[in-house]
S.K.: 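Please find one structure pasted underneath; my questions will follow.
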Amino acid sequence: MSQGFRQSQAVLHTWSGLVVGWVLYLIFIAGTASYWRVELTRWMQPELTLPASAEVALDQAQALLARTAPDASRWQIELPGSRSNATSVRWQPKDAPEPKRGQPNPWQATLDASGQPVQARETRGGDFFYRLHFDLHYVPVIWARWFVCFCTMFMLVAIVSGVITHKKIFADFFTLRRGKGQRSWLDGHNALAVLSLPFHLMITYTGLITLMTVYMPWAVDANFGGRDAFFAELFPRDAKVEPSGVTVTPPALAGLLPVAARQWGDGHAASVVVEQPGDAAMRITLRRDSGDRIADSGEPLRFDAQGMLMDEAPQRSATVYTRDGMIGLHAGRFAPTAMRWLFFLSGVAGTLMVASGLVLWTVKRREQLPDPTRPPRAFRFVERTNIAFVAGLPVAMLAFLWGNRLLPAALEQRSKTEISVFFAAWALCLVHATLRQPRRAWVEQLAAAGVLALLLPAFNMVAWHGGLFGAFAAGDLAKGGLDVGLLLIGAGLLWTARRVHRHVPAQRRVRVPRATTAVAAEPSA
């Protein structure tokens, strides 16, 4: 392999990473947090306790709906799983318009372990980070996904060109020179890249696959005549159930769970929808838990008013099954706890890889400046933006969690206010980075994130039944584990802030021309 080709790949790697590096960092850090999005939502609704079993929860939900909405046109029940902590019920009154997406639904309730409605605080929970990492929130959805696809393609280019550029990348993985300035940053960047290289390739490629119809619509247009027809075949909708006028008693919904489990091969139901409850034309649909399989398709099973299975789960084509498998690998919903930790830690490595690459660019370029103490405006922009993203985003994410704890529980549009807290904190970090010297800004924002993370578990101990100790005593490993995780994150951020504060930059070497050296070496006459 020629040196010229490798050098060209080095340039490609540098600029493909820098151009979209800030967005990639946002995608990585929000996506990594999303591996615990269900647990985050549980943590952000401390009013809820551990749930009942699925069978008991379904009996409780059916009893509540029979009392509250016997004449509804539809019941919908979301069952608690191994990771969620509540039963959610919704119903649709007859002749009432369905609430539009994003609008509050007045016909819903959240049930605790005893089956009684409980007023849990409104929050987007971990779903906010999940949607943020590919929808970018305030950006229109189609434009956001186009942009994320564009950045992800650059990420794939950066990974491939990085492997080509570093001919000793695997040997360098075992080399970590501390206190060597730019060399130390490069060693850390290489180690993080190699440590999770298979994960980085998988998560980048499957991320592109999940949005392939956005940036490669030609096959859809050629074979289906448009996206609407394509999605109608990919996600077929059942015909609307018309009432017959004959009244019947709905079957015990919990009794259908064993039947569904046998059909799915020991699968678990995630939701139950009853259309026209109490009518002879009733249709009951059970959907499978997304954590059962890598290729999640829901696999709906339909039952009639007598509780008899109407049809088996539809067969998926090999193409659709492959697509579902790619999405399942990317989202990691199927992963048990140990594997989820591997996904999460690999995501952390990817986040740090992008962050170290951004920092490495500024470290390297600063050494090449004619006067490092007075850098040009473009360099200052990159340096300040690095601080606002790399250190500012953790501050904003932790401010989002603090907003969940401190905002009044009955506040109107509470979930939107939590999100506003996130973006307001992030904007303050950007302003702070522009007003302070870079080194001070790094230290202050990293320290602020560390303090915010450490104080959250302490606040929970005072405000919520003993915090992590109460959670572990009640057997709620998710809530207690998140508090422990926050303590570790806070300690890591404070350690990093201390290292940055105590770092002494290497002295810049002044090169002496050879001619001058030769003259100085001659003895005087």
Side-chain angles (χ1 to χ4, degrees), residues 52-81 84 86-111 115-117 228 231-264 267-290 296-316:
S53 65
E55 293 79 6
V56 173
L58 188 51
D59 276 336
Q60 294 170 344
Q62 184 176 5
L64 176 77
L65 288 168
R67 296 193 307 268
T68 306
D71 298 325
S73 61
R74 184 175 69 251
W75 294 346
Q76 182 174 340
I77 305 169
E78 300 291 334
L79 296 173
S84 58
T87 307
S88 300
V89 296
R90 298 181 181 86
W91 60 92
Q92 181 63 36
K94 292 180 179 178
D95 304 323
E98 286 195 44
K100 294 182 180 179
R101 186 175 181 179
Q103 291 184 345
N105 185 353
W107 308 300
Q108 64 179 352
T110 301
L111 310 184
Q116 297 302 312
D228 292 341
F231 284 110
E233 183 168 331
L234 189 63
F235 306 110
R237 292 187 176 183
D238 296 328
K240 185 178 180 181
V241 177
E242 297 295 339
S244 65
V246 179
T247 302
V248 298
T249 301
L253 299 179
L256 305 180
L257 295 180
V259 180
R262 288 194 297 270
Q263 290 289 323
W264 289 326
H268 306 83
S271 66
V272 180
V273 176
V274 183
E275 296 171 270
Q276 300 301 334
D279 190 272
M282 179 192 330
R283 182 172 63 203
I284 306 167
T285 304
L286 275 67
R287 291 190 176 274
R288 190 172 183 176
D289 192 330
S290 60
D296 169 38
S297 59
E299 298 185 50
L301 292 175
R302 298 170 182 83
F303 298 82
D304 61 18
Q306 287 74 43
M308 303 299 294
L309 185 64
M310 297 171 61
D311 52 21
E312 296 185 356
Q315 295 294 321
R316 311 281 282 181

S.K.: Nearest 0.5 Å, please: how far is CG in Leu111 from OG in Ser88?
M.R.: 7.5 Å
S.K.: To the nearest 0.5 Å, tell me how far Arg90 CZ sits from Glu78 CD.
M.R.: 6.0 Å
S.K.: Can you name the nearest heavy-atom pair linking Trp75 to Pro70, along with the distance?
M.R.: CZ2-CA, 4.4 Å
S.K.: Are any non-hydrogen side-chain atoms of Glu275 and Gln92 less than 4.5 angstrom apart?
M.R.: no
S.K.: Starting at CD1 of Ile284, measure out to CD of Gln306 and round the result to the nearest 0.5 Å.
M.R.: 9.0 Å
S.K.: Would you name the heavy atoms of Ala52 and Pro80 that are closest together and state the gap between them?
M.R.: O-CG, 3.7 Å
S.K.: What's the shortest heavy-atom distance between Ala305 and Ala280, and which atoms?
M.R.: CB-O, 3.6 Å
S.K.: Taking Phe303 as the fixed residue, which of Val274, Leu253, Thr285, Val259 is the one that meets the side chain to side chain contact (heavy atoms under 4.5 Å, CB included) rule?
M.R.: Val259
S.K.: Just wondering, do Ile77 and Leu65 contact through their side chains at under 4.5 Å, heavy atoms?
M.R.: yes
S.K.: To the nearest 0.5 Å, how far apart are CD in Gln116 and CG in Leu64?
M.R.: 8.0 Å
S.K.: About how many Å separate CG of Leu286 and CG of Leu309, when rounded to the nearest 0.5 Å?
M.R.: 10.0 Å
S.K.: Is there a donor-acceptor pair under 3.5 Å between the side chain of Asp279 and the backbone N or O of Gly245?
M.R.: yes
S.K.: Is the shortest side-chain heavy-atom distance between Gln108 and Gln76 below 4.5 Å?
M.R.: no
S.K.: Show the nearest heavy-atom pair for residues Pro93 and Ser73, with the distance to one decimal.
M.R.: O-OG, 4.1 Å
S.K.: So do Pro300 and Val273 actually touch side chain to side chain, heavy atoms under 4.5 Å?
M.R.: no
S.K.: Nearest 0.5 Å, what's the CG-CD distance between Asp71 and Gln276?
M.R.: 10.5 Å
S.K.: Could you tell me whether the side chain of Pro251 reaches within less than 4.5 Å of the side chain of Met282, counting heavy atoms only?
M.R.: yes
S.K.: Please say which of Leu256, Val272, Thr87 ends up in a side chain to side chain contact (heavy atoms under 4.5 Å, CB included) with Leu58.
M.R.: Val272
S.K.: So, does Trp264 use its side chain to make a donor-acceptor pair with the main chain of Glu299 at under 3.5 Å?
M.R.: yes
S.K.: Can you tell me if Glu242 uses its side chain to pair, donor with acceptor, with the backbone of Ala281 under 3.5 Å?
M.R.: no
S.K.: Minimum heavy-atom separation for Leu79 and Ala54, please, with both atom names.
M.R.: CD2-O, 4.1 Å
